Amino acid sequence: MPTAMKVVLFEDAQQTQSEILDALKRHLKSEGTVLPFDIKLFTESAEEQERTFDDRLVSIIRRPPYDGATLLLADRDLSKSPNFRGMSVSAVIGAAKRLAIPICSYARQPAPEDYKWRARWEEGHVILAAGTDEELARQGVLASRGFAEIASKLPGIMKDEVGKSPAKILAALLGKPEYSDKIALYGVGDQNRLSEVPEKGKDDTDWVKRISCFLGYWLWDSILRYPGLLVNEVAAASHLNIATDNFREPRVRSLFKEALYYGPFADQDRPQWWRGAIDDIVSRERYDDGLGLVRSKLGDGINASQCSVNPTKPAGYYCIISEKPVSLENSKGGLSWLPRGADLTRISTRLFEEYGPWIGA
């Protein structure tokens with residue numbers, strides 16, 4: 001079982017801090033604790049004033065009450081209060097990296113237009129975007145729980161995976177060793193991501209902490225984000241050739257429940273399915289697609305998936321910008337910033353033409 005979580009919150013506005021703390025406590029329940037970072041420890045110690053911002057934070061977080069922190073949660077704009085002068089999210093990220101503690105940054109406003117699809121791997125941490133404190137807390141606890149799960153399982157996994165690639169380690173951790181090659185495709189061509197793989201040193205405990213962070217960031221920001229190996233609700237429906245509204249029906253979903261993803265960061269509000277397991281269910285029943293299978297079980301009241309650009313075409317793929325089903329003919333794939341393994345992720349031709357240079361090739 002994962003150890004109790006300890007989340008440290010970096011928020012400079014007092015009222016906002018209180019509201020987020022209350023929301024986090026409601027979502028954490030008995031799974032852990034959340035502590036606000038005391039800025040006085042950062043600004044008032046004469047000893048700390050002689051150090052760089054990163055050094056100060058590292059020293060403070062190593063001491064009670066923050067020692068043993070399992071997640072840092074930081075506002076991306078720590079400049080509203082003069083008391084936080086000198087503090088920045090960059091300093092918190094730097095300290096988190098040195099301490100091998102997972103970190104999420106957040107902004108209390110709706111996500112920017114490109115948030116859900118633009119490549120963010122260079123950020124080196126999880127970025128949350130939520131318009132309400134409740135959603136922020138929900139995502140923050142989801143992230144904290146996922147990183148804690150990875151950290152608790154990894155030591156046992158490493159006994160059997162010594163010297164293995166990160167893809168093989170992650171596949172073993174997810175209980176899907178047969179998918180290691182598919183997971184590896186999410187790193188092909190992504191030198192920024194691969195350069196972050198921690199090198200094995202003398203301290204095994206420190207290395208396990210660092211590889212836990214690396215695997216968590218990779219899983220959250222790439223594998224779970226871009227449909228291919230795993231598929232969200234819309235992508236699953238499109239791949240199965242079932243209308244999204246029909247796929248949302250419990251009676252339809254129940255036919256594919258054995259393919260549900262239950263690993264780290266699994267989100268009950270936004271479920272995902274193993275694409276290979278979905279295909280196995282259809283193949284086992286000897287149907288060409290999910291539509292045939294579902295109609296055979298539930299009757300003819302199930303519609304086929306239609307391309308959002310041209311409804312006369314069957315879909316089959318997922319537009320990462322519109323979050324709608326698209327057909328092969330009416331979408332663009334193979335973009336340099338898309339993971340190679342995300343072969344169901346594309347951009348509709350209409351949006352590709354609209355965004356053009358911003359998207360890149």
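Remember, predicted model here, so these are calculated numbers, not experimental data.
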Can you check side chain to side chain contact (heavy atoms under 4.5 Å, CB included) on Thr244 and Lys324, steps first, answer last?
-> CA-CA 9 Å; Thr244 304; Lys324 294 179 179 179; over 6 Å; no
Take the angle between the ring planes of Phe247 and Trp273 and call it parallel below 30°, perpendicular above 60°, tilted in between.
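Taking Trp273 first and then Phe247, their aromatic rings stand perpendicular (interplane angle over 60°).
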- request: Give me the ring orientation class for Tyr217 and Phe147: parallel if the planes are under 30° apart, tilted from 30 to 60°, perpendicular past 60°.
  value: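 Ring orientation of Tyr217 relative to Phe147: perpendicular.
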Taking C-beta and beyond as the side chain, do [X] and [Y] meet within less than 4.5 Å on heavy atoms?
| X | Y | value |
| --- | --- | --- |
| Val126 | Pro102 | no |
| Met87 | Asp75 | no |
| Glu149 | Leu173 | no |
| Asp269 | Leu142 | no |
| Cys104 | Leu71 | yes |
| Leu72 | Phe37 | no |
| Val8 | Ile61 | no |
| Val234 | Pro325 | yes |

Can you tell me how far the [atom1] atom of [X] sits from the [atom2] atom of [Y], to the nearest 0.5 Å?
| X | Y | atom1 | atom2 | value |
| --- | --- | --- | --- | --- |
| Tyr262 | Gln272 | OH | CD | 13.0 Å |
| His239 | Leu344 | NE2 | CG | 6.0 Å |
| Glu134 | Leu24 | CD | CG | 9.5 Å |
| Ile93 | Ile101 | CD1 | CD1 | 13.5 Å |
| Arg225 | Leu338 | CZ | CG | 9.5 Å |
| Lys168 | Ile157 | NZ | CD1 | 13.5 Å |

Keeping [X] on the side-chain end and [Y] on the backbone end, is there a donor-acceptor pair under 3.5 Å?
| X | Y | result |
| --- | --- | --- |
| Tyr66 | Pro36 | yes |
| Tyr186 | Leu229 | yes |
| Lys6 | Pro65 | yes |
| Ser144 | Gly140 | no |
| Asn246 | Asn303 | yes |
| Ser296 | Leu293 | yes |
| Tyr261 | Asn232 | no |
| Asn241 | Gly290 | no |
| Arg275 | Gly228 | yes |
| Ser238 | Gly316 | yes |

Between [X] and [Y], what is the shortest heavy-atom contact and its length?
| X | Y | result |
| --- | --- | --- |
| Val326 | Ser308 | CG1-OG, 3.6 Å |
| Gly301 | Arg251 | O-NH2, 4.4 Å |
| Thr70 | Ala4 | CG2-O, 4.0 Å |
| Ala304 | Leu291 | CB-CD2, 3.7 Å |
| Leu78 | Val89 | CD1-N, 4.0 Å |
| Pro264 | Leu174 | CD-CD2, 3.6 Å |

Linking I/L/V/M/F/W/Y whenever their side-chain heavy atoms sit closer than 4.5 Å, directly or via other members, would [X] and [Y] fall into one cluster?
| X | Y | value |
| --- | --- | --- |
| Val141 | Phe265 | yes |
| Leu335 | Leu328 | no |
| Leu255 | Trp274 | no |
| Leu57 | Leu35 | yes |
| Leu230 | Ile281 | no |

field: Salt bridge flag under 4.0 Å for residues Asp267 and Arg138
entry: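 Salt bridge present between Asp267 and Arg138.
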Are Asp206 and Lys209 close enough for a salt bridge, meaning some N to O gap below 4.0 Å?
no
Verdict with reasoning, Ile278 to Leu240, per side chain to side chain contact (heavy atoms under 4.5 Å, CB included): CA-CA 8 Å; Ile278 281 178; Leu240 286 165; 3.1 Å; yes
Check the pair Glu135 / Tyr106 against side-chain hydrogen bond (donor to acceptor under 3.5 Å, both in side chains), numbers first and verdict last. CA-CA 11 Å; Glu135 179 59 16; Tyr106 65 88; over 6 Å; no
* **side chain to side chain contact (heavy atoms under 4.5 Å, CB included) between Lys297 and Glu285, worked out** => CA-CA 11 Å; Lys297 303 288 186 180; Glu285 296 285 343; 3.7 Å; yes
Atom [atom1] of [X] with >12 non-hydrogen neighbours under 6.0 angstrom:
| X | atom1 | value |
| --- | --- | --- |
| Lys332 | NZ | no |
| Arg284 | CZ | yes |
| Asp288 | CG | no |

Exercise. Can a donor-acceptor pair be found between the side chains of Arg63 and Ser59 at a distance below 3.5 Å?
Worked result: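 Their side chains do contain a donor-acceptor pair, which is all the 3.5 Å distance test asks for.
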Next item on the list: List the steps and the verdict of side chain to side chain contact (heavy atoms under 4.5 Å, CB included) for Glu19 and Asp22.
Entry: CA-CA 5 Å; Glu19 293 167 355; Asp22 288 344; 5.9 Å; no
